[in-house]
Number of protein chains: 2
Amino acid sequence: MKIIIVDDDILVSTSLKTIIEANEGFEVLAVANSGEDAIKLYHEHQPDILLMDIRMEKMNGLQAAEEIVKTFSHAKVLFLTTFADDEYIIKALKIGAKGYILKQHYNCIIPALNAVYSGQVVFGEEIMNKLPSVMSNQVNKKNYQDFGIIDKEFQIISFVSKGLSNKEIAKELYLSEGTVRNYISIILEKLELRDRTQLAIFYFNHLL
Amino acid sequence: MKIIIVDDDILVSTSLKTIIEANEGFEVLAVANSGEDAIKLYHEHQPDILLMDIRMEKMNGLQAAEEIVKTFSHAKVLFLTTFADDEYIIKALKIGAKGYILKQHYNCIIPALNAVYSGQVVFGEEIMNKLPSVMSNQVNKKNYQDFGIIDKEFQIISFVSKGLSNKEIAKELYLSEGTVRNYISIILEKLELRDRTQLAIFYFNHLL
DNA sequence: AGATTCATATGACAATTGTAATATTTTCTT
DNA sequence: AAGAAAATATTACAATTGTCATATGAATCT
């Protein structure tokens with residue numbers, strides 16, 4: 001199994017290399033210490049698995065992975081990181097990462113690599129536990145900004161998506177009911193929707 | 001690593017046993033051929049991992065797992081099944097299964113067992129690909145049945161939750177608009193909601 | 001100061017929605 | 001076939017919603 005390790009902390013990447021190469025059948029083709037490096041080395045070596053940290057200076061692991069997957073759609077990226085950060089998890093899932101595990105469980109690395117190599121997708125247990133809440137709570141504001149939704153509008157959207165009526169939203173935001181209506185009217189137009197129900201649905205579909 | 005295998009097809013379970021025991025460090029403590037059996041054997045042996053089929057006569061794997069997890073909350077259940085059935089996946093996730101992989105990839109079993117043993121959660125790639133759609137489309141009907149929602153009503157709920165107007169739903173279901181309105185009125189009362197937007201929200205919150 | 005933009009508001013209107021009471025039709029039961 | 005239960009429909013009404021055109025006041029710019 002040919003692996004490339006990416007981590008901007010040389011201490012980490014070398015000890016990873018040691019751990020991995022202590023096992024039969026594992027070969028570390030290269031060690032990168034930045035996202036850019038990772039991309040370059042991936043093109044050169046085309047490893048079976050890319051074992052990558054997320055938080056790195058300049059280009060982070062997620063960006064690098066995204067770039068790589070664009071070219072090599074079958075690339076297997078296993079993220080190895082310190083924090084189970086919601087945003088990272090979401091992004092990793094979106095990119096189609098084959099795994100997301102925490103560094104602290106170093107004894108998990110070999111089994112995870114094996115599992116990924118054999119075509120599975122692996123999550124650390126902490127990550128798995130977070131998945132449901134991540135999926136249902138995290139809102140990606142960027143989706144809205146893309147449609148030209150401004151902050152106030154977004155606020156209103158989130159009230160609509162909690163099931164409040166115009167009157168209730170107005171009270172909540174110290175606006176007149178008419179103003180709220182106007183806002184919603186504009187939001188609907190921007191999002192090309194017809195009514196508040198579709199708006200709430202849109203909201204829920206853009207979770208994650 | 002101590003394992004119990006559960007499959008009502010003896011051919012499958014014995015060949016699994018052979019495959020697993022061919023590897024160093026794996027021990028198959030027992031083989032069950034039904035859900036009830038699995039529960040009994042789990043209590044007796046308390047294995048590290050329960051490798052279980054889902055579809056079985058009488059008590060299926062999911063029910064058995066649920067029962068077992070109730071008593072042994074740390075139980076590690078790895079489902080090994082033929083189909084990536086949406087409902088099964090959801091249920092497995094809910095129970096807190098540590099993995100869900102497909103039988104056809106028999107070479108994945110050992111890596112998966114290792115990964116689960118080391119505390120990770122493993123999904124076959126097909127399963128992983130299905131996750132997003134499963135999460136956002138599959139509804140657990142039981143939640144609705146609890147509220148006394150009948151099939152027709154449920155149908156309407158799902159249309160509302162797609163953003164259709166009463167008129168559109170009526171056309172879709174070959175009913176009059178008034179009838180649809182009546183249905184919704186009753187649904188709202190049953191669910192103690194106020195309007196279709198809250199209904200859609202309810203729907204999305206009861207996904208999974 | 002004058003012009004412009006922005007946030008908020010108003011009023012009038014039509015469409016949609018939710019409710020309730022009652023009717024009609026279909027299906028099931030025996 | 002008669003009666004009960006269900007599914008579907010109708011009507012009328014009130015409330016909410018979405019749209020639009022326009023107004024007001026405050027903040028910003030030059």
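Sequence lines set the chain letters: A, B, ... in the order given, protein chains first and strands last, and positions in each chain run from 1.
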Student: Please state how far atom NZ in B/Lys152 lies from atom P in C/dT26, giving the value in whole angstrom units.
Tutor: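 So the NZ-P distance, B/Lys152 to C/dT26, works out to 14 Å.
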Student: In whole Å, what is the span from the CZ atom of B/Arg181 to the P atom of C/dA21?
Tutor: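 One finds 16 Å between P of C/dA21 and CZ of B/Arg181, rounded.
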Student: Quickly work out the B/Leu193 CG to C/dT17 C1' distance and round it to whole Å.
Tutor: 15 Å
Student: To the nearest Å, how far apart are A/Ile186 CD1 and C/dC6 P?
Tutor: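 Rounded to the whole Å, the gap is 12 Å.
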Student: Look at the side-chain N and O atoms of B/Arg196 and state whether any lies under 4.0 Å from the OP1 or OP2 oxygen of C/dG18.
Tutor: yes
Student: Provide, to the nearest angstrom, the distance between the CD1 atom belonging to B/Ile184 and the P atom belonging to C/dT19.
Tutor: 10 Å
Student: Apply side-chain contact (heavy atoms from CB on, under 4.5 Å) to residues A/Leu50 and A/Lys76 and explain how you reach the verdict.
Tutor: CA-CA 6 Å; A/Leu50 193 59; A/Lys76 289 177 175 168; over 6 Å; no
Student: What is the distance, rounded to the nearest whole Å, between atom CG of B/Leu199 and atom P of C/dG18?
Tutor: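 Between P of C/dG18 and CG of B/Leu199: 9 Å.
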Student: So, applying side-chain contact (heavy atoms from CB on, under 4.5 Å) with B/Arg196, which one of B/Ile169, B/Ile187, B/Leu188 is it?
Tutor: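 When B/Ile169, B/Ile187, B/Leu188 are each tested with B/Arg196, the side-chain contact (heavy atoms from CB on, under 4.5 Å) holds only for B/Ile169.
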Student: 5' to 3' on DNA chain D, which nucleotides open and close the contacts with chain B (atom under 4.0 Å from a heavy atom)?
Tutor: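 Taking any atom under 4.0 Å from a heavy atom of chain B, the span is D/dA7 to D/dA12.
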Student: What parts of residues 160-170 of chain B reach DNA chain D, counting only heavy atoms under 4.0 Å away?
Tutor: none
Student: Indicate, yes or no, whether a donor-acceptor pair under 3.5 Å links the base of C/dT17 to the side chain of A/Asp195.
Tutor: no
Student: Take A/Glu66 and A/Lys94 through the test salt bridge (Lys or Arg N to Asp or Glu O under 4.0 Å) and record every step on the way to the result.
Tutor: CA-CA 9 Å; A/Glu66 196 166 18; A/Lys94 268 193 178 168; over 6 Å; no
Student: Counting only heavy atoms not in B/Lys58, do more than 12 fall under 6.0 Å of its NZ?
Tutor: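 Not more than 12 within 6.0 Å, no.
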Student: Taking the six-membered ring for Trp, are B/Tyr88 and B/Phe83 ring centroids under 6.0 Å apart?
Tutor: no
Student: Expressed in angstrom and rounded to an integer, what is the separation of A/Arg194 atom CZ from C/dA14 atom C1'?
Tutor: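 A/Arg194 atom CZ is separated from C/dA14 atom C1' by 15 Å.
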Student: Can you sort out which residues in residues 171-180 of chain A have a heavy atom within less than 4.0 Å of DNA chain D? Ascending by number, please.
Tutor: none
